[in-house]
Asker: 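Can you read through this structure? Questions will come right after.
Just so we're on the same page: letters track the sequence lines, and every chain starts at 1. Reckoned from all heavy atoms, side chains included, excluding hydrogens, waters and symmetry mates. Note that this is a predicted model, so its numbers are computed, not measured.
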Number of protein chains: 2
Amino acid sequence: MNSKALPRRSKLSDVAKAAGVSPATVSRVLNHPDIVRPDLQAKVRRAIAELGYAPDAMARALSLGRSNTIGAIIPTLGMTIFANGTVALQKRLREYNYTLLIANAEYDPERELEEIKVLLERGVDGLVLVGDRMSAEALALARQYQVPLVTTYVSESQFSVPAIGIDNAEAMHQVLQMLLDLGHREFGVITVYPAHNDRQQARRQGVFAAFEAADIPLAAHRIAEVPYSVAHGRTAFKRLITADPAITAVICSSDAFAIGALAECKYLGLSVPRDISITGYDDVDISMHTDPPLTTVNVPAAVIGRLAADHLVATLNGRPPPLTTKLPAQIIVRGSTAAPRSARKS
Amino acid sequence: MNSKALPRRSKLSDVAKAAGVSPATVSRVLNHPDIVRPDLQAKVRRAIAELGYAPDAMARALSLGRSNTIGAIIPTLGMTIFANGTVALQKRLREYNYTLLIANAEYDPERELEEIKVLLERGVDGLVLVGDRMSAEALALARQYQVPLVTTYVSESQFSVPAIGIDNAEAMHQVLQMLLDLGHREFGVITVYPAHNDRQQARRQGVFAAFEAADIPLAAHRIAEVPYSVAHGRTAFKRLITADPAITAVICSSDAFAIGALAECKYLGLSVPRDISITGYDDVDISMHTDPPLTTVNVPAAVIGRLAADHLVATLNGRPPPLTTKLPAQIIVRGSTAAPRSARKS
DNA sequence: TTGTAGGCGTTATCAC
DNA sequence: GTGATAACGCCTACAA
């Protein structure tokens, strides 16, 4: 196949020839330097440098049966939280000498399965998923390939897949409790349209569970479920507040919604937090610079990413860590929440 | 628990055995279906389905000498503009039956080179870079591996690497011209601290060139160069406006800076655009929801991603496209710019 | 300690 | 049209 005589990429045997040793020795210099004589080693390394040799990772993987590669399927790259988590994941994997392959599913389960398939065929040694809604088919595939899995950003998964994440429900409970403590009783909720998004789903269920526990009724018209975007958050807020002006606090399942709500408040002439309190979820970097700064929930994405790397590598080394790791979520109280007017008046 | 031994991942020869044909035939069914008898084909496909066979991409790549894989090195995943471009790139590559491997360099040239190396060793068929500052070493590597390159988000590159992007300088020129037309004469500029970021560098040089062309002096104390972040934009703005209250318009080389500036305006009690005009660059999704909505420059990231895919695939098929593609940048005029007070008064 | 040889799973080049 | 066979580049028993 190599019909052309262009400066061919040099391979291990070329190095061997140049150094006057056997291919096996070169391989050993690369993989088990401790068992080869120093002088030979020097010769080999010189030859490697001169030829600019770099091993063919695919051939290596084929021979070894593993690729030192981990795949991650991210729902979207457009969210800083996933971006941060992915960065941390990659950084840590690099420390373990693993390479991260990132695939993007665009919140489409079909594409997610497709990406998993591709990653598996490409020989990843492990897979990082996001959320709880993995398809049975994906699990079957992973089992067939005997590839360890870990899912992130949720603290429990249906199919007993190891999970690393925060307890969304608990976080939502804290948010509600804080608002209750401030004196709020009339709430609105903006969550994402549930399709294919279980983290948001968990947050949503978390709010409802929290409301139930607190014995606060939550009428249907006080719930808005819309696609994820600032613009949708804005229109949802308008709908909510128009339908029921009695609402004094709006809980959003993401900062994007909250930022949209803030924008609409400004437009409607509502003062935050004087007329209404608003909470977000994610603590994206602009949230501290909104007007007013947003009260929100911080998700330790970097920690999650790092732990996911630790988990997978440990598993691959035969030291399986605990099945689930639940991280504490932290409420960041800023300027978008305060006691409701009624409470202040009385 | 493990009552049943895990079924070994079946390979091509297993399928062959099950179907009662030779491995070669199975391979042909997969790659050249048109030259194998229909009945045999049916038998083979059935066996494939029954065994749940999936080809080993690495073995395939080793044999073929190419992997149908493209690598992209992104400076950071935390910017929506790159996220969008990457998504578009991946989508288009998928149409061509290529897989995208994403690596993240965190704006660190050393890590960038490292990632390029890893990607190359893993056998990518092509590489997508971002910006103009590729290291000579990276280029040498790519040449050695004989892997085509394309760089994005800049419209020209120093080393005659094919480039697909917008003309940052021209865009900045347009921004300045628009402000001049509104009557502004006293400008401030916030750009990123130049290290390792040539796109911002191009924008920066673009402003200065534009100022020169317009014969407007720009004193040193009216220029702030800070690391990329909303917070730095905010402090930079404060420094600028404190040092020289005569400034009527501040040009920011990114929306992040502009959003920070907006926040500081609010804090200082400055009204935008009445007291001061502010422009951004990127048109991130929140920019239309700031108060006031931000006048900014839209970078067609999705188009860039798509074209990068087209370019690489065409090159790999022996049809090299034009060396550089220059896309028009579009100024999005929103509420953060208006005529300066002085102009209105007179 | 170093070299030889066989195999990892797939594809392409030959004969048949 | 189909089946053996030799690569592809590397690693690791095993032998020396």
Asker: For B/D132 and B/Y153, does a side-chain donor sit closer than 3.5 Å to a side-chain acceptor?
Answerer: no

Asker: Within this structure, what is the CG-to-P distance between A/D14 and D/dG9, rounded to whole angstrom?
Answerer: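 After rounding, the gap between these two atoms is 9 Å.
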
Asker: Once you round it to whole Å, what is the distance between P of D/dG9 and CG of B/D56?
Answerer: 17 Å

Asker: Answer yes when A/D56 and A/K11 have at least one side-chain N-carboxylate O distance shorter than 4.0 Å, and no when they do not.
Answerer: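 Salt bridge between A/D56 and A/K11, a charged N being under 4.0 Å from a carboxylate O: no.
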
Asker: Salt bridge check: are B/K326 and B/E156 linked by an N-O gap of less than 4.0 Å?
Answerer: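 Salt bridge present between B/K326 and B/E156.
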
Asker: Using atom CG of B/L62 as one end and atom P of D/dA6 as the other, report the distance to the nearest whole Å.
Answerer: 17 Å

Asker: Do the side-chain N and O atoms of B/Q41 and B/D39 include a donor-acceptor pair separated by under 3.5 angstrom?
Answerer: no

Asker: Mark up nucleotides 11-16 of chain D, 5' to 3', with B wherever a protein heavy atom is under 4.0 angstrom from a base atom, S wherever such an atom reaches only the sugar-phosphate, and - elsewhere.
Answerer: SB----

Asker: For B/M58 and D/dC10, give me the distance from atom CE to atom C1', rounded to whole Å.
Answerer: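 Those two atoms, CE and C1', are 12 Å apart.
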
Asker: Between D/dC10 atom C1' and A/R9 atom CZ, what is the distance in whole Å?
Answerer: 11 Å

Asker: Quick check: on DNA chain C, is the nucleotide nearest A/V36 upstream (toward 5') of the one nearest B/K11, or the reverse? Name the residue that is more 5'.
Answerer: A/V36

Asker: With the side chain of B/V21 defined as its heavy atoms from C-beta on, choose the nearest nucleotide among D/dC8, D/dT2, D/dG3.
Answerer: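 For B/V21, the side-chain atoms sit closest to D/dG3.
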
Asker: Output the rounded distance in Å from CD1 (B/I35) to P (C/dA12).
Answerer: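 In whole Å, C/dA12 P and B/I35 CD1 are 10 Å from each other.
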
Asker: Using side-chain heavy atoms (C-beta onward) and a distance below 4.5 Å, is A/L129 in contact with A/V150?
Answerer: no

Asker: Determine whether the side chains of B/R122 and A/N68 contain a donor N or O and an acceptor N or O closer than 3.5 Å.
Answerer: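 No.
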
